[in-house]
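Before any comments, here is the structure.
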Amino acid sequence: MRRLPWWFLIPLLTFGAGSGPMVVYGGARLRSRGHIAAGAVYGALFIVFFVGAQFTDDNSTGPLDAVISTAWLVSWLAGTVHTAILERIVKSGRRRQSHPVDPVLAAAQDRLARREQARALLASNPALAGELLIGRPDLYRQYDDGGLVDVNNVPSAVLAHELRLPAETAEQIADARERLGGFSSPDEILVYCAGITPAQLGNIRDRLVFLPR
C-alpha cells in the first residue's frame with residue numbers, strides 16, 4: 001500500500017471525519033489490534049457527533065450538545081494527534097528496515113546478553129545455575145550461557161579450545177588451580193600463570209566464571 005504523506009492533515013482538515021480511517025490504516029501498517037480498535041472508536045465518535053447534530057436545537061443547548069461536542073472534539077483533535085504519532089512510528093520502522101542489523105553483530109550482542117543473564121542466575125540462584133551447567137561447555141547441556149567458561153572446573157583442553165589459548169597456557173592455568181584449590185578472580189590468573197599476558201586476559205575476561213571446585 002502506498003505511503004500517504006502528512007497523515008495528520010487528513011483528520012485535521014476533515015474536522016475528525018478522517019481520524020478513524022487514518023488510525024485504522026496506521027494500525028494495519030503496524031499490525032496492531034489496539035490501534036485498529038482506537039481507529040474504530042474515533043470513527044464511532046464522529047458518527048455520534050454527525051447523527052446527534054441532526055437532533056439538536058440551534059436556539060438552545062442541552063446535554064445532547066455536550067455529548068456530541070465532546071465526541072467531535074475527541075475524534076478530531078485526539079484523532080489528529082494519534083495519526084501523527086502513528087506516522088512517526090511507521091516511518092521510524094521503515095528507516096530501521098532500510099538499515100538492517102549485521103547478523104554477525106546481532107549474534108555477538110545476543111551472546112553478551114546471554115552472559116549477563118547467566119551471571120545474574122549465578123548470583124541469585126546458584127542451585128539453578130548448577131542445574132543448567134553454566135560455564136561447563138565440556139558437559140552436555142541445553143542452556144545457552146553465551147559462552148561462559150568455568151575456569152576452576154573445565155579440563156585444560158576445553159580452556160584452550162573455548163578461550164583460544166595456547167595449550168601450554170591452558171596447562172599452566174590448570175596446574176595453578178590445582179595448587180591453589182581454584183581461582184577467585186581473573187587477576188589471580190595473571191599472578192600465578194606467567195604464560196598469559198594482560199592483553200590475552202582482557203580479551204577473555206568477560207567469559208570467565210569461577211565456581212567452587
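Along the sequence shown, residues carry numbers from 1.
In this structure, the side chain of Asp145 engages the main chain of Gly135 through a donor-acceptor pair within 3.5 Å. A donor-acceptor pair under 3.5 Å is absent between the side-chain atoms of Asn152 and the main chain of Arg213, judged by distance alone. In this structure, Arg207 contributes its side chain and Leu148 its backbone to no donor-acceptor pair below 3.5 Å. Thr169 places no side-chain N or O within donor-acceptor distance of the main-chain N or O of Leu165, the cut-off being under 3.5 Å. Between the side chain of Ser19 and the main chain of Ser75, a donor-acceptor pair closer than 3.5 Å is present. No side-chain donor-acceptor contact under 3.5 Å links Trp72 to the backbone of Gly16. The main-chain N or O of Leu112 is never found under 3.5 Å from a side-chain atom of Glu116 such that the two would form a donor-acceptor pair.
Across all non-hydrogen atoms, the minimal contact from Arg179 to Tyr192 is NH2-O, 4.0 Å. Minimum interatomic distance between Leu122 and Ala129 (heavy atoms only, all atoms of both residues): CD2-CB, 3.5 Å.
Glu188 and Ser184 are linked by a side-chain donor-acceptor pair at a separation below 3.5 angstrom, with hydrogens and angles left out of the test.
Between Ser69 and Phe49, the closest side-chain pair of non-hydrogen atoms is not below 4.5 Å. Looking at Val209 and Val149, their side chains never come closer than 4.5 Å, going by heavy atoms from C-beta outward. Taking the side chain as every heavy atom from C-beta outward, Phe50 and Ile68 never approach each other to under 4.5 Å. Two residues are said to be in side-chain contact when any heavy atoms from C-beta on lie closer than 4.5 Å; Leu128 and Ile134 fail this criterion.
Taking a 6.0 Å sphere around OH of Tyr143, one finds it holds more than 12 heavy atoms contributed by other residues, nucleotides or ligands.
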Query raised in the report: Does the pair Gln200 and Thr197 meet the rule for a side-chain contact (heavy atoms from CB on, under 4.5 Å), with working shown?
Result: CA-CA 5 Å; Gln200 287 176 316; Thr197 66; 3.3 Å; yes
Report task. Determine, stepwise, if the pair Trp7 / Tyr25 fulfils ring pair (Phe, Tyr, Trp, His ring centres under 6.0 Å). Result -> CA-CA 10 Å; Trp7 295 3; Tyr25 170 73; 5.1 Å; yes
Report task. For side-chain contact (heavy atoms from CB on, under 4.5 Å), just list the numbers for Ile189 and Leu208, CA-CA rounded to whole Å, side-chain angles, deciding distance to a tenth of an Å, and then say yes or no. Result -> CA-CA 11 Å; Ile189 298 176; Leu208 307 182; 4.1 Å; yes
Query - Derivation and outcome, salt bridge (charged side-chain N to carboxylate O under 4.0 Å, His left out), residues Arg114 and Asp110 - result: CA-CA 6 Å; Arg114 289 181 178 276; Asp110 180 65; 3.0 Å; yes
Report task. Check step by step if salt bridge (charged side-chain N to carboxylate O under 4.0 Å, His left out) holds for Arg115 and Asp144. Result -> CA-CA 9 Å; Arg115 287 176 208 164; Asp144 183 359; over 6 Å; no
Query raised in the report: Between Ile204 and Ile196, is a side-chain contact (heavy atoms from CB on, under 4.5 Å) present by the stated rule, with each step listed?
Result: CA-CA 11 Å; Ile204 62 175; Ile196 190 166; 4.2 Å; yes
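Atom-to-atom distance recorded for His35:NE2 and Leu86:CG is 5.0 Å, nearest 0.5 angstrom.
Screening Glu168, Arg177, Glu171 for a side chain to side chain donor-acceptor pair (under 3.5 Å) involving Ser156 leaves a single residue, Glu171.
A salt bridge links Arg205 with Asp187: at least one charged nitrogen is closer than 4.0 Å to a carboxylate oxygen.
When the side chain to side chain donor-acceptor pair (under 3.5 Å) test is applied to Arg164, no partner is found at least two apart in sequence or on another chain.
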